[in-house]
Structure formats: structure tokens, C-alpha cells
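Reviewing the structure listed below.
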Amino acid sequence: MVIRLLWKVPYYFIRIWWCGISDKVSYVESYSFIKKVTKKANRAGRVTIESYGLENLPPDDGFIFFPNHQGLFDVLVFLESCPRPFAFVAKKEAGNIILLKQVIRALDSYCMDREDIRQSMQVINKISQDVKEGKNFLIFPEGTRSGKGNELLDFKGGSFKSATKAKCPIVPCALINAFIPFDENSIRPVTVKVIYLPPIYYDEYKDRKTKEIAAEVKRRIEKAIEQYC
């Protein structure tokens, strides 16, 4: 990716940095530009994204994606395939990675320190408020990359607190082979799949504990992976 786009990288970096600091660039404009760069990067890296179930997206904004977490490439899958702007939650270490740091800021995303309960609750409250105001988010409920390919780790109930507080639709998403582009030592062409599953609306989960919600979302994603693999 980097080698084939090397001559454009400085321009992309400066433009994304500007999106993050300028009041003259709207959130939608920032998302649109980052989406454009992502598509070019994926093509340069010979990564094909196949998306399914986009018709399942809720008609109104103000929802949260909950996908399985396979690798560093995961967010790029959504940036290319999703037609609706969204922000995401990254672990605090990501906030120190060049370019990713600028993308986080440009998309008004958050970094979470899972070892700091107070900071984590602040982020959860901010996300729930943003979602109530019509912003979409992406949260990885495993909390870390599975490291097991297309197998899932347990989903953490606390990851769903932002959704329960916002009373918003939960959109389970299944990623297949997203671990290959960045986590395997290979430059061969690869196809990554993302399946947007039917949303779970508040009326369906309001009486469930967050651990029960987590288990149900995981079950639906595992079923989709089995179907599309």
C-alpha cells in the first residue's frame, strides 16, 4: 500500500491532519475524504472488500456497529464499505500511532484506556450522547484482536453500555479474513468480507443484561461467519 502510494502519502497526511484541526471542514467532508483515501490504499494493497447486508442498516443515523475484531485492517473494511459516516473507539495506544492518530481526530473518534475505569466511563457517556444526537459508532466488543483468524473471543458486556444508555440500534457485523492484510507476511491479493446483519433494536434488548446482549451478538456473528466462509 505505502510503496504504491508513496508519492501521495504526504498530501494525504496533511489533508487528514487538516480535517482534524480545522473548523472549516465538516464531519461528513472528513469522512468522505478518508473513505476516498481508504479505497485507494486498499486497491494499492490488492485487497478486495466484499460487503453484504447493507440493506440492513437502520434507516436513521444514531446506531452502533459491533463487529468481531481480527486485526489492524478492520476499520479500513468499514471505511470502504459503509456508506454512512461513523466514528470508532480505539485503545489508547492507537492514539500515538502516526496517521491513525490524525484519522481518530478527523472522525471525532475516541481512545479508551480499559485499565482506567473512570476514563472508560467518560468515553462511554460521550459515545452515548453522540449517538443520541445522531452519530454512528463502531465498537469492538472483544476489546482486543482475537489472534485466532475467523474464531471469536468472548464479547465483553461492558462494550454494550453505550448502546443501552443511548437506547440505540445495535448492528452486529461479521468480518472474515480481515486479519490477513496487515497481520500475515504476504503481499498476495486477498478478499475480505464484511456482513452487516439485521439490527437489534432497543425494544428487543432493553430487558436483557449487557452480558446477555454480548452473547447474542456473538452468536449471530458466528452464525454469519459459518455461512459466508
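All heavy atoms count here, side chains included; hydrogens, waters and symmetry mates do not.
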Nearest non-hydrogen partners of [X] and [Y], listed with the distance:
X    : Y    : result
R188 : R46  : CA-NH2, 3.8 Å
F86  : L107 : O-CD1, 4.1 Å
A106 : S30  : O-CB, 3.6 Å
K218 : L153 : CE-O, 3.6 Å
P169 : P199 : CB-CB, 4.3 Å
V194 : S81  : CG1-OG, 3.7 Å

[X] vs [Y] side-chain heavy atoms within contact, under 4.5 Å:
X    : Y    : value
Q227 : I195 : no
E142 : N68  : yes
V77  : K193 : no
L138 : P67  : yes
I34  : L79  : yes
F88  : V103 : yes
I170 : V217 : yes
S120 : M112 : yes

Spatial distance of atom [atom1] ([X]) from atom [atom2] ([Y]) [nearest 0.5 Å]:
X    : Y    : atom1 : atom2 : value
N150 : E222 : CG    : CD    : 11.5 Å
K91  : C111 : NZ    : SG    : 11.0 Å
T210 : Y205 : OG1   : OH    : 11.5 Å
I176 : C229 : CD1   : SG    : 4.5 Å
I104 : S109 : CD1   : OG    : 6.5 Å
C82  : K35  : SG    : NZ    : 6.5 Å

*Do the ring centers of F160 and F66 come within less than 6.0 Å of each other?*
yes

By side chain to side chain contact (heavy atoms under 4.5 Å, CB included) - contacts of [X] (at least two apart):
X    : answer
E151 : K148
D116 : D113, R118, Q119
K132 : Q129, A166

*For R219, check salt bridge (charged side-chain N to carboxylate O under 4.0 Å, His left out) against everything at least two apart and list the hits.*
E216

Would you say that more than 12 heavy atoms from the other residues, nucleotides or ligands in this model lie under 6.0 Å from the [atom1] of [X], or not?
X    : atom1 : result
K223 : NZ    : no
K161 : NZ    : no
E115 : CD    : no

_Run K39 and K36 through side-chain contact (heavy atoms from CB on, under 4.5 Å) and show every step you take._
CA-CA 5 Å; K39 288 182 176 181; K36 178 181 177 181; 6.0 Å; no

_Could you walk me through whether V171 and L197 satisfy the side-chain contact (heavy atoms from CB on, under 4.5 Å) test, starting with their C-alpha distance in whole Å, then the side-chain angles of each, then the deciding distance to 0.1 Å, before giving a yes or no?_
CA-CA 6 Å; V171 183; L197 300 173; 5.9 Å; no

Show me the donor-acceptor pairs, under 3.5 Å and distance only, between side chains in residues 11-24 and residues at least two apart or in other chains.
from, atom 1, to, atom 2, distance (Å)
Y11, OH, R15, NH1, 2.9
S22, OG, K24, N, 3.0

*asked:* According to ring-ring contact (aromatic ring centres under 6.0 Å, His included), who are the partners of Y27, at least two apart in sequence or on a separate chain?
replied: none

*Which residues pass the ring-ring contact (aromatic ring centres under 6.0 Å, His included) test with F140, sequence neighbours left out?*
H69

*Go through I221 and L152 one step at a time and tell me if the side-chain contact (heavy atoms from CB on, under 4.5 Å) criterion holds.*
CA-CA 9 Å; I221 292 176; L152 277 60; 3.8 Å; yes

_Please list all pairs meeting side-chain hydrogen bond (donor to acceptor under 3.5 Å, both in side chains) that have one or both residues in residues 164-173, counting only residues at least two apart or in different chains._
none

Report yes or no: do [X] and [Y] belong to one cluster of Ile/Leu/Val/Met/Phe/Trp/Tyr joined by side chain heavy-atom distances under 4.5 Å?
X    : Y   : answer
V47  : F78 : yes
I225 : F73 : no
F33  : L76 : yes
V192 : V37 : yes

_Qualifying residues under side chain to side chain donor-acceptor pair (under 3.5 Å), relative to S26, sequence neighbours excluded_ = E29

_Suppose we screen for side chain to side chain donor-acceptor pair (under 3.5 Å). Which residues come up paired with K135, at least two apart in sequence or across chains?_
none

I'd like a table of donor-acceptor pairs (distance under 3.5 Å, sequence neighbours excluded) in which one partner is a side-chain atom from residues 49-65, with atom names and distances.
from, atom 1, to, atom 2, distance (Å)
E50, OE1, Y52, OH, 2.7
N56, ND2, G53, O, 3.4
N56, ND2, Y196, O, 2.8
D61, OD1, R84, NE, 2.8
D61, OD1, R84, NH2, 3.0
D61, OD1, N136, ND2, 2.9

*Restricting to pairs with a member in residues 194-207, which pass salt bridge (charged side-chain N to carboxylate O under 4.0 Å, His left out), not counting sequence neighbours?*
D203-K206, E204-R220

_Could you go through Y110 and K126, starting from their C-alpha distance and side-chain angles, then the distance that decides it, and tell me whether this counts as side-chain contact (heavy atoms from CB on, under 4.5 Å)?_
CA-CA 9 Å; Y110 296 111; K126 288 178 181 178; 3.6 Å; yes

